[in-house]
Trainee: 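Sharing a structure below in structure tokens format, with a few things to ask.
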Amino acid sequence: MTRLPRSFFARPTLEVARALLGQRLVRLRAANRSAVPERLAGLIVEAEAYIGEDDLACHAHAGPTARNQVMYGPPGHAYVYFTYGMHWMLNFVTEAEGFPAAVLVRAIMPMSGLVTMRRLRRDRPDRILADGPAKLTQALDIDGAFNGCDLCGSRPSLFVEAARPVAESAVRYGPRIGLNNTPEPWKSLPWNVKVDQTSEFFKTHTCVKRDQQQGDMDVI
DNA sequence: AGCACGATTAACT
DNA sequence: GTTAATCGTGCTC
């Protein structure tokens with residue numbers, strides 16, 4: 001299980017967003033100080049690019065602030081922010097230090113730690129366990145405490161592993177989600193990437209009756 | 001100091 | 001299809 005190095009994130013943001021599809025997001029979660037951390041993980045199936053101060057949908061559009069400072073820092077760190085008064089969003093900082101850009105992780109396909117993830121999601125059906133940006137932070141127990149954490153450091157509790165490459169034919173490009181008040185052209189730029197749900201990738205990795213699955217679907 | 005709104009979700013009709 | 005929930009942030013006064 002090779003962890004993605006900082007050089008993976010130190011690239012053009014659109015390239016990183018596309019390359020993240022099919023990779024495994026891993027959260028090592030210790031229930032208490034002495035417990036062995038449990039592995040919660042899923043394959044990234046949707047992501048979105050936010051690129052620089054010129055991008056009016058990007059939180060950096062008005063320059064550096066207390067909230068967005070992590071985006072100005074080195075790549076390979078988590079930018080986690082709070083929105084709508086109740087939701088946490090997970091992003092990965094990209095490009096060179098000093099240039100504010102990040103990839104929002106919008107959906108994962110749960111693979112490991114299903115039992116815990118279900119509990120964290122209050123037993124909602126598996127198909128809607130982590131299929132949204134705020135749902136996956138709930139399922140993985142990620143909040144503002146992770147803002148600024150290094151995904152590429154020595155013993156990270158949050159990181160990405162190389163996993164299942166996604167064929168270009170299975171990738172869909174479209175406008176970013178939820179930019180209702182963002183002016184054009186930013187509102188419509190096709191900076192959202194996702195794995196087509198009818199693709200072979202989904203058929204291969206989505207288990208038959210996930211609702212009955214007790215253990216993990218890992219390995220792969 | 002006040003205010004409008006948000007990179008959303010769940011529960012409605 | 002619509003809307004309430006809920007509060008930090010950044011912008012305006």
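Since the model is a prediction, treat every value here as computed from it, not as a measurement. In the text below, chain A, chain B and the rest are named by the order of the sequence lines, each starting its count at 1.
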Trainee: Any donor and acceptor pair, going by atom type alone, linking the side chain of E53(A) with main-chain N or O of P100(A) inside 3.5 Å?
Mentor: no
Trainee: Taking it one step at a time, do T2(A) and E161(A) satisfy side-chain hydrogen bond (donor to acceptor under 3.5 Å, both in side chains)?
Mentor: CA-CA 5 Å; T2(A) 112; E161(A) 284 177 350; over 6 Å; no
Trainee: Mark yes or no for whether R3(A), through its side chain, and G153(A), through its backbone, hold a donor-acceptor pair below 3.5 Å.
Mentor: yes
Trainee: May I have the step-by-step check of ring-ring contact (aromatic ring centres under 6.0 Å, His included) for H59(A) and Y50(A), ending in yes or no?
Mentor: CA-CA 8 Å; H59(A) 286 170; Y50(A) 289 86; 7.4 Å; no
Trainee: Within this structure, what is the CH2-to-P distance between W88(A) and dT9(B), rounded to whole angstrom?
Mentor: 15 Å
Trainee: Answer yes or no: does a side-chain N or O of R124(A) lie under 4.0 Å from OP1 or OP2 of dT9(B)?
Mentor: no
Trainee: Near K135(A) NZ, under 6.0 Å, is it more than 12 heavy atoms from other residues, nucleotides or ligands?
Mentor: yes
Trainee: Would you jot down, in residue-number order, the residues of residues 137-144 of chain A having a non-hydrogen atom under 4.0 Å from DNA chain B?
Mentor: none
Trainee: Applying a strict under-4.5 Å side-chain criterion to I, L, V, M, F, W and Y, I'd like to know whether L21(A) and F159(A) cluster together.
Mentor: no
Trainee: Could you work out, with ring-ring contact (aromatic ring centres under 6.0 Å, His included) as the rule, every residue matching Y72(A), not counting sequence neighbours?
Mentor: none
Trainee: Between C1' on dC5(B) and CG on L56(A), what's the gap in Å once rounded to a whole number?
Mentor: 16 Å
Trainee: Is the backbone N or O of W186(A) less than 3.5 Å from a side-chain atom of R176(A), with the two atoms forming a donor-acceptor pair by type?
Mentor: yes
Trainee: To the nearest Å, give me how far apart NZ (K135(A)) and P (dA7(B)) are.
Mentor: 18 Å
Trainee: Tell me whether the rings of F82(A) and W88(A) are parallel (<30°), tilted (30 to 60°) or perpendicular (>60°).
Mentor: tilted
Trainee: Keeping R24(A) on the side-chain end and A163(A) on the backbone end, is there a donor-acceptor pair under 3.5 Å?
Mentor: no
Trainee: Scan A57(A) against the nucleic acid and name what it touches under 4.0 Å (heavy atoms): base, sugar-phosphate only, or nothing.
Mentor: base
Trainee: Once pairs are restricted to Watson-Crick or G-U wobble with both distances under 3.5 Å, how does DNA chain B read as a dot-bracket string, [ ] for crossings and | for other-strand pairs?
Mentor: ||||||.|||||.
Trainee: Quantified in whole Å, what is the P atom distance between nucleotide dT6(C) and nucleotide dG2(B)?
Mentor: 22 Å
Trainee: How does protein reach along nucleotides 1-13 of chain C, written 5' to 3' as B (base within reach of a heavy atom under 4.0 Å), S (only sugar-phosphate), or - (no contact)?
Mentor: ----BBBSSSS--
Trainee: Taking the P atom of each, how far is dT3(C) from dC5(B), in whole Å?
Mentor: 16 Å
Trainee: Just by distance, do the side chain of R172(A) and the backbone of S169(A) share a donor-acceptor pair under 3.5 Å?
Mentor: yes
Trainee: Could you list by number each residue of residues 174-192 of chain A showing a heavy-atom separation from DNA chain B of less than 4.0 Å, or answer none if no residue does?
Mentor: I177(A), G178(A), L179(A), N181(A)
Trainee: Would you kindly give the CG-to-C1' distance between L104(A) and dT8(B), to the nearest whole Å?
Mentor: 11 Å
Trainee: Regarding R121(A), tell me which of base, sugar-phosphate or nothing describes its non-hydrogen contacts under 4.0 Å with the strands shown.
Mentor: sugar-phosphate
Trainee: Does NZ or CZ of R11(A) lie under 6.0 Å from the centre of the six-membered ring of F8(A), at an angle within 45° of the ring axis?
Mentor: yes
Trainee: Between atom CG in L90(A) and atom C1' in dT8(B), what is the gap in whole Å?
Mentor: 15 Å
Trainee: The criterion is side chain to side chain contact (heavy atoms under 4.5 Å, CB included); which residues satisfy it with Q138(A), sequence neighbours excluded?
Mentor: H87(A), R121(A)
Trainee: Can you name the one residue among I128(A), D123(A), L129(A) that meets side chain to side chain contact (heavy atoms under 4.5 Å, CB included) with D126(A)?
Mentor: L129(A)
